[in-house]
Participant: 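This is the structure I have questions about; it appears just below.
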Amino acid sequence: MDGCWYERCGRMQMAKQDKEFVKEITPQSEDFSRWYIDVIQKADLMDYAPVRGCIVFKPDGYELWEACQRELDVRFKRTGHRNAYFPLFIPESFFEKEKEHVEGFNPELPWVTEAGGEKLEERLAIRPTSETVIGHMYARWIHSYRDLPVLINQWANVVRWEKRTLPFLRTSEFLWQEGHTAHATAEEAERETRQMLDVYTDFVENVLAVPVFRGQKTPSEKFAGAVATYSLEAMMKDGKALQAATSHYLGQNFAKGFEIKYLDKDNQLKYVYTTSWGISTRILGAIIMVHGDDKGLVLPPKIAPTQVIIVPIGPQKERARVVEHAGTLRDQLLSAGWRVRMDDREDFSPGWKFNEYEMRGVPIRLELGPRDIASGQVTLARRDTGEKLAVPESELAARLPQLMDDIQATMYQKAKQFADDHSHIAHSLGEITEIIQSQRGFVLAGWCGDDGCERRIKEEAGATSRNIPFQPPQTLPTCAVCGRPAAHSVWYAKAY
RNA sequence: CGGAGCAUAGCGCAGCUUGGUAGCGCGCCUGCCUUGGGAGCAGGAGGUCGUGGGUUCAAAUCCCGCUGCUCCGACCA
C-alpha cells in the first residue's frame with residue numbers, strides 16, 4: 001500500500017462527504033428510519049418540543065394538516081355531520097363507565113390533580129379520545145327517536161402518554177378529528193361506520209394519493225370498547241403498515257355505560273347505537289413515507305402547501321426584467337387559485353433552490369430565465385418524475401390543471417404498484433415469517449379466528465394482523481398457524 | 001417500560017483513550033464578485049461542552065445520578 005492509495009482514498013472520502021452534505025438526507029436504502037427523521041427536519045415540517053414526545057408542527061407541516069382538515073371537513077359536512085367542541089378534561093369517574101375502555105386507556109392517561117393551588121376533588125384526565133364526555137353529553141341531549149341521529153365531529157388535540165414516540169407517527173400529544181354519532185338502530189349505526197370508512201378511503205386515495213387496504217380489525221386489535229373496528233392500512237416504502245384511519249361501531253356499549261336512551265315510536269325506552277371514527281396527524285407520516293424519495297419529500301398536489309415554486313434565473317443585467325416577468329406569472333397563477341410562491345432571493349443560486357424545493361416536495365417548479373422569456377415559454381419540472389418540460393406561456397394556465405392531475409395520478413399509481421408488488425400470500429407460519437423477514441410488506445394468510453394463532457404470528461414473524469380485508473385477493477381455506485379451517489383471510493405486517 | 005447507542009456553535013462532526021488555552025466543515029454577518037442543478041475570494045461573529053453531583057490543584061475528557069433523542073423489543077392513532 002503506498003501513500004498514493006491513501007491520498008486518493010482520502011480525496012474520494014472527501015468527495016463523498018461533500019456529496020452527502022449536498023444531499024443532507026440519509027438514503028432510504030441505507031436506513032429508512034434515519035431518512036424519515038432527516039426529511040421531516042430538513043423539510044422543516046417539525047421540530048422537537050421541550051416536553052418529551054411532543055413536537056412543534058412548523059408551518060409547512062401544519063399546512064399539510066390544514067389541507068387534510070379542509071378536505072375532510074367538506075366530506076363530513078356533505079355526509080350530514082356538524083362540528084362541535086367538547087372539553088379537554090375528563091372526570092376520572094367517566095372512565096369507569098365502560099370497562100374495556102378504561103383498561104385500554106388507563107396506562108397512557110395524564111392526570112390533572114391540582115389546579116388553582118388546590119387539590120382537585122376528582123382527578124381530571126386529559127382526553128385520550130372523547131367517547132366518554134361525548135357519551136355523557138349525548139345522554140342529556142337525546143330523549144326521543146326524533147332527536148336521532150346525532151352526527152357530530154370534533155377537531156381536537158388528544159394526549160396519550162406513549163412509551164415510545166416518533167414524530168407524527170406517535171407523539172404524546174397529537175391532533176385529530178373524532179366523529180361521534182348516535183343512532184336509533186344497529187343497522188343505521190353500522191351503515192354510518194362503513195360510510196365513514198368510505199369517506200376516509202376517498203380522502204386517502206384521491207387526495208393523499210395513498211392506496212389503502214380496507215378491512216376489519218381482529219378482536220385483539222380493535223378499539224377498546226368497540227364492537228367492531230374497521231381500518232384503512234397503508235403500506236410505507238419500507239414495507240411496514242400504517243393505520244391511516246379507523247371507524248368503530250360501538251354498538252350499545254357506550255350507550256349503556258352512559259345511559260344514552262331514547263323513547264321510540266312504540267313508547268319503549270331504548271339504548272342508542274353509537275359510532276366513532278378518526279384520522280390523526282399520523283397521516284402526515286404516511287404521506288411522507290409513501291411518496292418520499294432520496295431527495296426528500298414528494299407531496300401530492302392536492303395538499304402541498306406550495307404547489308408551484310417559481311425560480312427566476314438571470315444574470316445581473318437581466319435580473320430585474322426576469323423577476324418582474326416571473327412576478328407577473330406568479331400573480332396570474334395566484335388568481336387562478338394555485339398555491340404558488342416565488343423565490344427571487346439573490347444570494348442563492350438556481351441550483352441550490354432546485355434542490356431545496358425538491359427536498360421540500362413542491363410538486364412543480366417553474367423556472368424562468370432569459371432564454372425562456374425570449375422564446376415565450378416557461379420551464380416546468382415535475383417533482384414526482386423529475387421530468388422537465390417547456391411550456392409556451394400562453395398555454396400555462398390550461399396545462400397546469402392537467403399536469404397537477406397527472407402528478408396526482410402518477411403518484412397514486414406508483415404507490416399502488418409498490419403496494420401490489422409487496423403484497424404476498426402465505427400458507428404457513430414459516431412462509432409468513434420468511435416473507436416478513438426477508439422482504440417486509442403485507443402478507444395475506446388464512447386465520448381460524450383464534451387469538452393464540454394470531455399471537456404466534458406476532459411472536460414468530462414479528463408481524464401483527466392489520467385487518468381482515470372486505471374483498472381478499474384470494475380466500476385461503478386453512479389457518480396458516482394451526483391448519484384448521486380458516487374463518488378469514490387476514491393481512492399481516494410489521495406496523496408503525 | 002426493558003436492552004443498546006448518542007448528547008461539544010444553528011446543522012454535521014473532531015477533541016475524551018493518556019485530565020492542563022475548545023477546534024473543523026457547512027450555515028450565519030460584512031464586502032467584492034456571481035446566477036439554466038447546492039459558485040468564488042477576503043474579513044468577522046458565535047460554545048457556562050445536555051443537566052446535577054463526585055474525584056482532582058485542574059474536568060468537554062474520569063466516576064455516579066437525571067433528562068432528552070435515535071435504534072431494537074413489549075403497548076398505541
Side-chain angles (χ1 to χ4, degrees), chain A residues 14 17-26 31-34 36-38 41-42 47-55 103-109 128-129 157-178 200 217 220-224 229 231-233 242-248 276-286 295 311-319 322-323 343-359 365 367-373 378-379 381 386 388 390 455 458-459 462 464 494-496:
Chain A
M14 197 67 100
Q17 270 175 8
D18 282 354
K19 210 167 174 185
E20 273 165 10
F21 167 74
V22 163
K23 290 198 148 186
E24 288 183 337
I25 294 170
T26 308
D31 184 342
F32 194 82
S33 308
R34 258 200 81 183
Y36 178 74
I37 297 295
D38 286 350
Q41 291 187 92
K42 301 268 158 57
D47 196 3
Y48 290 101
V51 179
R52 193 197 78 99
C54 292
I55 61 166
E103 287 167 7
F105 283 107
N106 242 340
E108 40 189 50
L109 293 181
T129 179
N157 58 335
V158 287
V159 172
R160 297 180 188 178
W161 218 253
E162 297 292 344
K163 306 283 163 57
R164 196 181 159 194
T165 61
L166 197 51
F168 297 125
L169 303 177
R170 223 175 13 248
T171 47
S172 298
E173 179 190 11
F174 58 95
L175 306 179
W176 78 346
Q177 145 287 305
E178 49 180 325
Y200 287 142
K217 286 290 193 182
S220 72
E221 293 278 331
K222 77 174 170 56
F223 175 72
T229 290
S231 77
L232 303 183
E233 305 285 332
L242 190 144
Q243 183 173 296
T246 47
S247 187
H248 315 291
S276 69
W277 26 274
I279 197 164
S280 77
T281 39
R282 167 180 275 190
I283 199 73
L284 302 190
K295 290 177 155 184
V311 180
I313 299 159
Q316 205 91 72
K317 293 156 283 185
E318 313 214 49
R319 214 173 149 83
V322 174
V323 169
D343 187 346
D344 60 355
R345 289 177 296 176
E346 297 195 19
D347 40 357
F348 290 90
S349 70
W352 188 91
K353 293 176 188 172
F354 295 172
N355 287 293
E356 177 70 10
Y357 293 102
E358 280 166 5
M359 184 188 70
R365 176 178 68 245
E367 303 170 16
L368 186 79
R371 293 209 299 269
D372 293 305
I373 294 177
V378 298
T379 300
K388 273 199 190 193
R455 209 174 318 118
K458 191 170 181 175
E459 285 158 8
T464 51
K494 283 185 185 271
Y496 277 101

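Here the structure is a predicted model, which means the values were calculated and not measured. Naming: A, B, ... by sequence-line order, numbering from 1 per chain.
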Participant: With sequence neighbours excluded, tell me which residues meet salt bridge (Lys or Arg N to Asp or Glu O under 4.0 Å) with Glu358(A).
Facilitator: Lys295(A), Arg365(A)

Participant: What is the separation between atom CD1 on Ile55(A) and atom P on G68(B), rounded to the nearest whole Å?
Facilitator: 16 Å

Participant: Could you state the atom-to-atom distance from CG of Asp47(A) to P of C69(B) in whole Å?
Facilitator: 12 Å

Participant: Could I get the full list of side chain to side chain donor-acceptor pair (under 3.5 Å) partners for Glu356(A), not counting sequence neighbours?
Facilitator: Arg360(A)

Participant: In Watson-Crick or G-U wobble terms, both distances under 3.5 Å, what is the partner of C62(B)?
Facilitator: G54(B)

Participant: Under a 3.5 Å limit for both distances, which nucleotide forms a Watson-Crick or G-U wobble pair with C1(B), could you say?
Facilitator: G73(B)

Participant: So what's C6(B) paired with, Watson-Crick or G-U wobble, going by both distances under 3.5 Å?
Facilitator: G68(B)

Participant: Starting from the C-alpha separation in whole Å, work towards a yes-or-no answer on salt bridge (charged side-chain N to carboxylate O under 4.0 Å, His left out) for Arg160(A) and Glu173(A).
Facilitator: CA-CA 6 Å; Arg160(A) 297 180 188 178; Glu173(A) 179 190 11; over 6 Å; no

Participant: Just call it for Gly386(A): base, sugar-phosphate, or nothing, with non-hydrogen atoms closer than 4.0 Å on any strand.
Facilitator: nothing

Participant: Rounding to an integer number of angstrom, what distance separates C16(B) and U8(B) when you compare their C1' atoms?
Facilitator: 11 Å

Participant: Measure the distance from CD on Glu356(A) to C1' on G37(B) and round it to the nearest whole Å.
Facilitator: 13 Å

Participant: What's the shortest heavy-atom distance between Lys353(A) and Phe348(A), and which atoms?
Facilitator: CE-O, 3.5 Å

Participant: In whole angstrom, give me the gap between the C1' atoms of A58(B) and U67(B).
Facilitator: 28 Å

Participant: Excluding sequence neighbours, so at least two apart, what forms side chain to side chain donor-acceptor pair (under 3.5 Å) with Thr464(A)?
Facilitator: Arg466(A)

Participant: Mind checking the P distance from G52(B) to G12(B)? Whole angstroms is fine.
Facilitator: 23 Å

Participant: Under a 3.5 Å limit for both distances, which nucleotide forms a Watson-Crick or G-U wobble pair with C13(B), could you say?
Facilitator: G23(B)

Participant: Using purine N1 to pyrimidine N3 plus N6-O4 or O6-N4 for Watson-Crick, or N1-O2 and O6-N3 for G-U wobble, each under 3.5 Å, what pairs with U18(B)?
Facilitator: none

Participant: Is there any protein nitrogen or oxygen under 3.5 Å from a nitrogen or oxygen in nucleotides 32-36 of chain B, and what are the pairs?
Facilitator:
{"unit_1": "U35(B)", "atom_1": "O2'", "unit_2": "Gly314(A)", "atom_2": "N", "d": "3.4"}
{"unit_1": "U35(B)", "atom_1": "O4", "unit_2": "Glu346(A)", "atom_2": "OE1", "d": "3.4"}
{"unit_1": "G36(B)", "atom_1": "O6", "unit_2": "Gly369(A)", "atom_2": "N", "d": "3.4"}
{"unit_1": "G36(B)", "atom_1": "O6", "unit_2": "Gly369(A)", "atom_2": "O", "d": "3.2"}
{"unit_1": "G36(B)", "atom_1": "O6", "unit_2": "Pro370(A)", "atom_2": "N", "d": "3.2"}
{"unit_1": "G36(B)", "atom_1": "O6", "unit_2": "Arg371(A)", "atom_2": "N", "d": "2.8"}
{"unit_1": "G36(B)", "atom_1": "O6", "unit_2": "Asp372(A)", "atom_2": "N", "d": "3.2"}
{"unit_1": "G36(B)", "atom_1": "O6", "unit_2": "Asp372(A)", "atom_2": "OD2", "d": "3.4"}
{"unit_1": "G36(B)", "atom_1": "N1", "unit_2": "Asp372(A)", "atom_2": "OD2", "d": "2.5"}
{"unit_1": "G36(B)", "atom_1": "N2", "unit_2": "Glu367(A)", "atom_2": "OE1", "d": "3.0"}
{"unit_1": "G36(B)", "atom_1": "N2", "unit_2": "Asp372(A)", "atom_2": "OD2", "d": "3.2"}
{"unit_1": "G36(B)", "atom_1": "N2", "unit_2": "Thr379(A)", "atom_2": "OG1", "d": "3.2"}

Participant: At under 4.0 Å between heavy atoms, how does the protein contact nucleotides 71-77 of chain B? Give one character per nucleotide, 5' to 3', with B, S or -.
Facilitator: SBBBBBB

Participant: Surrounding CZ of Arg34(A) (heavy atoms of other residues, nucleotides or ligands, distance under 6.0 Å), is the total greater than 12?
Facilitator: no

Participant: Once side-chain contact (heavy atoms from CB on, under 4.5 Å) is applied, do any residues pair with Ser220(A), and if so which ones, sequence neighbours excluded?
Facilitator: Thr218(A), Glu454(A)

Participant: Can you tell me the base-pairing partner of G40(B)? Count Watson-Crick or G-U wobble geometry only, both distances below 3.5 Å, and say none if there is no partner.
Facilitator: C32(B)

Participant: Suppose you measure atom C1' in G27(B) against the same atom in A45(B); what distance do you get, rounded to whole Å?
Facilitator: 13 Å

Participant: Please encode protein proximity along nucleotides 42-48 of chain B as a string of B, S and -, counting only heavy-atom distances under 4.0 Å.
Facilitator: -------

Participant: Is the phosphate of U70(B) approached by Tyr48(A) (side-chain N or O, under 4.0 Å from OP1 or OP2)?
Facilitator: yes

Participant: Would you measure the distance from the C1' atom in C28(B) across to the matching atom in A9(B) and give it in whole Å?
Facilitator: 11 Å

Participant: Rounded to whole angstrom, note down the P distance from A77(B) over to G3(B).
Facilitator: 27 Å

Participant: Quick one: side chain to side chain donor-acceptor pair (under 3.5 Å) partners of Lys222(A), sequence neighbours excluded?
Facilitator: Glu100(A)

Participant: Where does the angle between the aromatic ring planes of His248(A) and Phe223(A) fall among parallel (under 30°), tilted (30 to 60°) and perpendicular (over 60°)?
Facilitator: parallel

Participant: How far, in whole Å, is A60(B) from C13(B) if one measures between their C1' atoms?
Facilitator: 14 Å

Participant: Check ring-ring contact (aromatic ring centres under 6.0 Å, His included) between Phe174(A) and all other residues, then give those that pass, not counting sequence neighbours.
Facilitator: Trp176(A)

Participant: Sequence neighbours left out, what passes salt bridge (Lys or Arg N to Asp or Glu O under 4.0 Å) with Lys42(A)? Give chain and number order.
Facilitator: none

Participant: Determine the Euclidean distance between corresponding P atoms of G68(B) and U51(B); express it in Å to zero decimal places.
Facilitator: 15 Å

Participant: What residues form a side-chain contact (heavy atoms from CB on, under 4.5 Å) with Pro315(A), not counting sequence neighbours?
Facilitator: Glu318(A), Pro370(A)

Participant: So, using side chain to side chain donor-acceptor pair (under 3.5 Å) as the criterion, who are the partners of Thr165(A) when residues are at least two apart?
Facilitator: none

